[in-house]
Amino acid sequence: MMSMRMGAAPSRPRVHVTGGSGFIGRAVAARLAGEGYEVSASDLHGSEEVAALDLRERAGVIAHIADLAPDIVVHAGAISGTMLAIDDPALMFDVNVAGTLNLVEAMRRAGVPRLVFLSSNAVYAPAPSRAPVSESAALGPSDAYGASKLAAEAVLRCYGESHAISTLALRVSSVFGPGRVTPYLISQTLDALGRRAPLTVTDERSNMRQFIHIDDAVEAVCRAVETEHPGFTPINITGGTYLSEEAIVRILAAGMPDADITVIADRGCDDDGRVGPLDITRAQALLGYVPSIDIAAALADLARAAGAGTSAPDPHAQDTR
Ligand SMILES: NC(=O)c1ccc[n+]([C@@H]2O[C@H](COP(=O)([O-])OP(=O)(O)OC[C@H]3O[C@@H](n4cnc5c(N)ncnc54)[C@H](O)[C@@H]3O)[C@@H](O)[C@H]2O)c1
C-alpha cells in the first residue's frame, strides 16, 4: 500500500485516493505526496504502492477506510468512460454507483467528513445550442457512463444532506496528456497517423470537443482537496479552449502534410459535441481554478513525442476562460 510520508507537517490532512493506479488518481496521489500530504492509495489493480481494493466489495471497503481513517478521500476509481463497458452497463453501475455508495458508507461509518469526487460533464443533457453550460444546466445523460456519474452524484448529495459528508463533485471534461491509457480521440488519431491509416473526422459545425490537460485536472483536484465547503457541490472543470475535432486532428497531423484526412459534417456519434463549453465561473470562485495549459501546444507536444507532428496555429479555438 502506498503511504507516502514526505515530511508532512502534523496539520496536513491524510488523503486516501481511490483509482490510484489510474491516469488521474496516480497523478493526484503523486502531486499531493509531493506537497507533504500523507497519501494512501487503492485500486482494483494494486501494486507495491497501491493497495488492491475492489470498490464493489462493501465489507472490504468499509474495513479499508476504517483502518486508514483518512481526513479526506479523493474518489478517482471507476469505469472511466462509455467505451470501457460498452456491452456491460451493469458493470458500469456496479463500479461507479454501488462502488461510490460503498465508499461513502465506509466514510460515514469511519467518520471521514470530506470527499472529492471525479464526476464528469457527461451528466448534462444534450444541449440544443453551444451556450456555456453552468452547474444548474439541465441534467440528463444519454449513456450508461453519464447515468452512472449522475446516480453517484445523487448518492453523494444524500450523504451530504443527511449524513454530514461534504462532497465537491468535479464535473471534469475529457482529460488528455501523457499517461492516459484508455482509448480516445487523441490516442486513436496518433495511432492512425503512425500507421499511415486514413482518418475521418467531423468538422466544427457538428462536433466540438472540450479537453483539459492532465496537469490542469490535477491542479483542480488538489485545489478541491484544499477547499472545505459544506454539503454537496458540483463544480465544472475544463481546459481553456474549446476545439473542433477537425482542429485537434489537424494539430496532431501538422507534421504529416501527406496525412489522409477526410472531413465530414457528422458521423452519427455525439462525443462532447452535444454539450456546450463548460462555464467554470464556480471553479474560479470556489477553488481559484483557472486553466493554465495551452491545449494546442500540449497536443503538438504529444504529437512530437509520438513522432507524428509539429506545432501549428489553431484557427478554430475559442477561448472559454
Ligand atoms: N479521463 C477523463 O477524460 C475523465 C474525464 C472526466 C472524469 N473522469 C473520471 O475521473 C476518474 C479517473 O479517471 P481516469 O482517467 O484516471 O481513469 P482510469 O481508467 O485511468 O483510472 C480508473 C481507475 O479505477 C480503477 N477501477 C476500476 N474498477 C475498479 C473497482 N471495481 N475497484 C477499484 N478500482 C477500480 C481502475 O483499475 C483504474 O486504475 C474516473 O472517475 C473518471 O470517470 C475522467
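These figures come from a predicted structure and were not determined experimentally. All ligand and atom numbering here is 1-based and tracks the order in the structure.
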Shared hydrophobic cluster, Leu252 / Ile261 (ILVMFWY, side-chain heavy atoms < 4.5 Å): yes
Check Gln210 against Gly276 and note the closest heavy-atom contact, atom names and distance. NE2-O, 3.0 Å
Under a plain distance cut-off of 3.5 Å, with no hydrogens placed, do His75 and Thr18 share a side-chain donor-acceptor pair? yes
Examine the side chains of Asn121 and Ser173 and answer whether a donor and an acceptor come within less than 3.5 Å of each other. no
Do Val155 and Val116 belong together in a cluster built from hydrophobic side chains that touch within less than 4.5 Å? no
Within 45° of the axis and under 6.0 Å from the centre of the six-membered ring of Tyr184, does NZ or CZ of Arg180 qualify? yes
Amino acids in close contact with ligand 1, where any non-hydrogen atom sits under 4.0 angstrom away: Gly19, Ser21, Gly22, Phe23, Ile24, Asp43, Leu44, His45, Leu53, Asp54, Leu55, Arg56, Ala76, Gly77, Ala78, Ser80, Val95, Leu118, Ser119, Tyr145, Lys149, Val172, Ser173, Ser174, Val175, Arg180, Thr182
